[in-house]
Each structure stands twice: as C-alpha cells, then as structure tokens.
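Written below as structure tokens is the structure these notes are about.
Note that the structure is a prediction, hence the values are computed from the model and not measured.
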Amino acid sequence: MGGYAGRGVHGRIVELLGRRVASGALPEGSLLDLRALGAELGVSMSVLRESVRVLAAKGLVDSRQKRGTFVRPRSEWHLLDADVARWRACGGDTARLMADLAELRALVEPAAARYAAARRTGAQVADLAEALARMERTRGDPRAHALADLEFHRCLLAASGNELLARMDLLVAPGLVERDVLVHSADPGADPVPGHRAVLEAVRARDADAAEAAMRALLAASAADVRRLAAPAAGPPDREEHT
C-alpha cells in the first residue's frame, strides 16, 4: 500500500481516512464522527485525533469549535503532497491526476532538457546514466523502476542549471511515481528505457534540439500509456495535448 500503511495503527488510520477523503467517500463539507469512526475501526480517540492532525496538515480536513471535524474543499487540499497524490491515484481520481501531470510535464521538461544539453556537467551526465542503469536493473519491479525513473527526471531538472527548474521536481514527483507504478503494473512489457536513453544521449552530445525533441517524444509515449490504462474509466473532458 505504501505511505503511512506500514507505520502501525496510526499509519493505517491515516491511510484509510486519506483514501476515503480523496475518493469522495467522505465528500467536501461532510462531518467526521470521530466516535463512530473509533467504534468502526476499533481504535482509540487519541489515535483518531492524531490521524486527523496529519490530514489537516495536508489540507484535507479541518476542525472548528461548534462545527466539529469536516472535509475541506478540494481547492484547499495540498495537491502536490506525495500522500495526497497517491490517495487520489488509488481512489478513482487517476484520470484527472494523470491529465494534470501530463500537461505540467509538457510545459516544464522539454525546456529543461534543452537547457541541460547546453549546461550539463560531466558529473551530471554520469548521474543521468546511473539513473538510467537503475531503470534497466529494476525492470519487473514497478515501484523500484518508478523511483529510478523519478531520479532520472530529477537529475535532468538539476542539469538544466536553473535553480527554479531544478525544484520543479517537487511538483512532478508526487504524481510521477504513482503514474509509473500504475502503468508498469498494468503493462509489465512497457519499456520506457529507450526513450530515456535518447534524452540522455542528446544531453551528452550537447544537442539542445535533439534533447528537447527526445523529451517531447518520451512525454508523448507516456501520455499514450496513460490513455490506454484509463480508457475504460470516465475522466475529465478531453484536452489538447502539446507533446
């Protein structure tokens, strides 16, 4: 399950309530009856209160005198939080999350690849190569492969030489790992390594045009993977893809 699930009773309750909120099972504005939840889940009020504090820190719930504990509007959720992204992916909000992520990456990563080709250091090329090697070694293990994929993209953003672009990993990371796990769990035969290698080789060759083009091709393949995975599910209205 990942995330909080391995952190004992408290972690299990955080995970369960987070998924209920993210999936809409606890809709916006609904009140959380802590006593009823305690009886349902077989946990103490102290465990529930601590779990609620974690969810409140992520913007999912709030507690007010005379009103109690309630689910906050979606617009106030910390959507870039890794746990919130994972709960959304597991709770039926996958299509919206993946569409938003694809658009964000299309805006950021081709430019980052172009800058990386012009500015990268030898050490940064080595970091990219090591991340790619990890991707190759972890074929067959969706989560380990996803983490290696994320490291490749973090290294690429860092190689752009732009400190603000480098920190865009904070925006990309939460959804990217879950996207990769979903895609490669559903289709173990999908192999993103060649597309990433094309980006690496263009960056290594300091070919900015080729690096940007390779990243656009990689993102187009990624978007196609997600569309195949989400085809049976209802999602947001189709949006033009600029990949």
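Counting all heavy atoms, side chain and backbone alike, S30 lies closest to P27 at OG-O, 2.6 Å. When every heavy atom of A211 is checked against every heavy atom of V203, the shortest pair comes out as CB-CG2, 4.2 Å. D127 and C155 get closest at one heavy-atom pair: CB-SG, 3.8 Å. Nearest heavy atoms, A106 versus L219: CA-CD1, 3.8 Å. Closest of all the heavy-atom pairs between L55 and V14 is CD2-O, 4.0 Å. Across every non-hydrogen atom of V71 and L26, the tightest pair is CG2-O, 3.7 Å.
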Salt bridge (Lys or Arg N to Asp or Glu O under 4.0 Å) assessment of D62 paired with R64: CA-CA 7 Å; D62 198 0; R64 302 279 177 84; 3.1 Å; yes
Test salt bridge (Lys or Arg N to Asp or Glu O under 4.0 Å) applied to R35 and D33, step by step: CA-CA 6 Å; R35 293 194 180 279; D33 185 334; over 6 Å; no
side-chain contact (heavy atoms from CB on, under 4.5 Å) assessment of V9 paired with R12: CA-CA 5 Å; V9 174; R12 178 173 63 85; 4.2 Å; yes
Full working for salt bridge (Lys or Arg N to Asp or Glu O under 4.0 Å) between R114 and E109: CA-CA 9 Å; R114 169 172 285 278; E109 294 195 81; over 6 Å; no
Worked verdict on W87 versus K58 for side-chain contact (heavy atoms from CB on, under 4.5 Å): CA-CA 12 Å; W87 294 332; K58 297 177 182 296; 3.9 Å; yes
Criterion side-chain contact (heavy atoms from CB on, under 4.5 Å) on V47 and L41, from CA distance to verdict: CA-CA 11 Å; V47 168; L41 304 174; over 6 Å; no
Verdict with supporting geometry, R197 and E201, salt bridge (Lys or Arg N to Asp or Glu O under 4.0 Å): CA-CA 6 Å; R197 183 178 292 112; E201 293 307 325; 5.6 Å; no
Residue pair N162, Y115: steps toward the side-chain contact (heavy atoms from CB on, under 4.5 Å) verdict: CA-CA 8 Å; N162 182 303; Y115 287 130; 5.5 Å; no
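Residues V125 and L200 meet the side-chain proximity criterion, which asks for heavy atoms closer than 4.5 Å. Here the side chains of E103 and L107 are not in contact, with every heavy-atom distance at 4.5 Å or above. Counting heavy atoms from C-beta outward, W77 and E28 have side chains that stay 4.5 Å or more apart. L128 has its side chain out of reach of R204: every pair of non-hydrogen atoms, C-beta onward, lies at least 4.5 Å apart. Annotation: side chain of P192 is in contact with side chain of M135 (closest heavy-atom distance under 4.5 Å). Looking at R154 and D149, their side chains never come closer than 4.5 Å, going by heavy atoms from C-beta outward. Considering only heavy atoms from C-beta on, E15 comes within 4.5 Å of R86 through its side chain. Counting only heavy atoms from C-beta outward, the side chains of T69 and L31 never approach each other to under 4.5 Å.
H78 contributes atom NE2, which lies 8.5 Å from atom CG of L60 (distance to the nearest 0.5 angstrom). Rounding to the nearest 0.5 Å gives a distance of 10.0 Å between OG of S63 and CZ of R49. Rounded to the nearest 0.5 angstrom, L34 CG and S51 OG are separated by 9.5 Å. Atom CG of L37 and atom CD1 of I13 lie 8.5 Å apart (nearest 0.5 Å). Within the model, atoms CD of E40 and CG of L48 stand 9.5 Å from one another, a figure rounded to the nearest 0.5 Å.
Salt bridge annotation for D141-R139: absent, with no cationic side-chain nitrogen under 4.0 angstrom from a carboxylate oxygen.
Remark: side-chain polar atoms of H145 are not paired, donor with acceptor, to backbone N or O of G140 under 3.5 angstrom. Listed for the R20 side chain is no donor-acceptor partner under 3.5 Å among the backbone atoms of A25. One N or O on the side chain of S23 and one on the backbone of R19 form a donor-acceptor pair closer than 3.5 Å.
Residues that satisfy the ring-ring contact (aromatic ring centres under 6.0 Å, His included) test with H196, not counting sequence neighbours, are F152, H153.
A cation-pi arrangement is absent between R72 and F70, since the terminal nitrogen or guanidinium carbon is not both under 6.0 Å from the aromatic centre and inside a 45° cone about the axis.
Counted within 6.0 Å of CD on E163, heavy atoms from surrounding residues, nucleotides or ligands total 12 or fewer; the atom is thus considered open.
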